[in-house]
Amino acid sequence: MCLFVCVAMQGPRPVVLSGPSGAGKSTLIKKLFKDYENIFGFSVSHTTRQPRAGEVNGKDYHFVTREEMKKEIDAGEFIEHAEFSGNMYGTSKGAVQAVQAKNQICILDIDIQGVKNIKKTDLNPIYISVQPPSIDVLEKRLRDRQTETEESLQKRLTAARVDLELSKEPGLFDLVIINDDLEKAYSELKEQLLKEIQKAQESRKS
Ligand SMILES: Nc1nc2c(ncn2[C@@H]2O[C@H](COP(=O)(O)OP(=O)(O)O)[C@@H](O)[C@H]2O)c(=O)[nH]1
Ligand SMILES: Nc1ncnc2c1ncn2[C@@H]1O[C@H](COP(=O)(O)OP(=O)(O)O)[C@@H](O)[C@H]1O
């Protein structure tokens with residue numbers, strides 16, 4: 001059954017942003033949302049991790065228990081799901097459909113397992129990997145962000161090394177952005193998305 005292509009054929013293509021925790025995905029996404037009001041919509045994932053200070057349920061994530069999430073996965077409500085750093089994360093069909101119904105460019109912030117699983121679907125997004133200039137810089141950014149315990153920070157650094165290795169697979173990503181200078185990284189992101197942004201802006205006018 002066609003889940004996405006029917007909607008996606010008329011609307012702009014979704015965008016997957018992946019890359020290590022701390023690489024700068026959320027920062028870049030926030031800039032897009034600020035600069036292009038109403039053009040982008042965020043695919044709100046489910047997660048079993050605890051909310052951080054300032055995170056809003058239903059906006060940043062749907063914060064759920066492992067039992068709730070497993071039940072919804074068993075009911076076939078997820079496009080993809082993965083275990084990352086001791087917690088479950090997943091994209092529900094509803095999360096993507098809610099954005100596509102508004103004819104917005106749907107942004108998915110997902111890990112590399114999610115990328116591989118989305119590739120098996122008919123979502124047909126643009127795949128972008130956001131990467132840090134080095135593991136040392138990544139560690140500093142994660143420490144400065146002050147969201148992690150020492151244990152979760154170490155898990156994220158281990159996952160980051162795996163992510164950076166797997167990301168070398170030819171053809172896995174349409175674009176790799178090294179997020180050293182933020183403005184430069186943001187320009188590269190905007191340039192890659194220009195066609196979809198224009199499409200979405202045109203459809204707003206008509
Ligand atoms: N596969 C998958 N990964 C997700 C999903 N939502 C978030 N992630 C990834 O889970 C990892 C951890 O996310 P989070 O706990 O918010 O930490 P942060 O990325 O450092 O802010 C990141 O790599 C996200 O891209 C999802 O729905 N599916
Ligand atoms: N180019 C950059 N230079 C310096 N700090 C950055 C840059 N990009 C992001 N940061 C900071 O690094 C931290 C991790 O970024 P974040 O967007 O939360 O990463 P992710 O969403 O990929 O986990 C944040 O504190 C953010 O402000």
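Residue numbers count from 1 along this sequence. First listed ligand is number 1; within each ligand, the first listed atom is number 1.
- Backbone and side-chain nitrogen or oxygen atoms of Arg49 are examined, and one is located within less than 3.5 angstrom of a nitrogen or oxygen of ligand 1.
- The shortest N or O to N or O distance between Tyr61 and ligand 1 is under 3.5 Å.
- Among protein heavy atoms, the minimum distance from atom 19 (O) of ligand 2 is reached at Gly24 N, 3.0 Å.
- Residue Asp181 has no N or O atom closer than 3.5 Å to an N or O atom of ligand 2.
- Atom numbering of ligand 1 starts at 1 in the shown order; those under 4.0 Å from a heavy atom of Gly90 are 26 (C), 27 (O), 28 (N).
- The protein heavy atom nearest to atom 21 (O) of ligand 2 is Ser26 OG, 2.6 Å.
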Test salt bridge (Lys or Arg N to Asp or Glu O under 4.0 Å) on Glu150 and Arg143; report intermediate values, then the result. CA-CA 9 Å; Glu150 186 59 30; Arg143 286 193 187 281; 2.9 Å; yes

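- Asp111 N, 3.7 Å is the protein heavy atom nearest to atom 9 (C) of ligand 1.
- At a heavy-atom cutoff of 4.0 Å, ligand 1 is contacted by no atom of His81, backbone or side chain.
- Annotation: atom 23 (O) of ligand 2 to nearest protein heavy atom, Gly22 N, 2.7 Å.
- Side-chain polar atoms of Asn87 and Thr48 form a donor-acceptor pair below 3.5 angstrom.
- Any N or O atom pair closer than 3.5 Å counts here, and Thr91 shares at least one such pair with ligand 1.
- By the 3.5 Å distance cut-off applied to N or O atoms, Asp109 is counted among the residues near ligand 1.
- Close contacts between ligand 2 and Leu182 involve ligand atoms 1 (N), 8 (N) [criterion: under 4.0 Å to a heavy atom].
- At a heavy-atom cutoff of 4.0 Å, ligand 2 is contacted by no atom of Leu28, backbone or side chain.
- Note: an N/O pair closer than 3.5 Å links Ser45 and ligand 1 by distance alone.
- Residue Ala82 places no N or O, backbone or side chain, under 3.5 Å from any N or O of ligand 1.
- Heavy-atom proximity to Gly114, at under 4.0 Å, picks out these atoms of ligand 1: 1 (N).
- Within the 4.0 Å heavy-atom criterion, neither part of Lys116 lies near ligand 1.
- Among all protein heavy atoms, the one lying closest to atom 8 (N) of ligand 2 is Asn179 ND2, 3.0 Å.
- Given atom 18 (O) of ligand 2, the protein heavy atom at minimum distance is Arg145 NH1, 2.8 Å.
- Counting heavy atoms closer than 4.0 Å to ligand 1, residue Glu80 contributes side-chain atoms (C-beta onward) but none from N, CA, C or O.
- Between Lys140, Lys31, Arg141, it is Arg141 that holds the heavy atom closest to atom 4 (C) of ligand 2.
- Looking only at heavy atoms of the protein, atom 26 (C) of ligand 2 is closest to Thr27 OG1, 3.6 Å.
- Taking every heavy atom of Ser21 and a limit of under 4.0 angstrom, the matching atoms of ligand 2 come to 23 (O).
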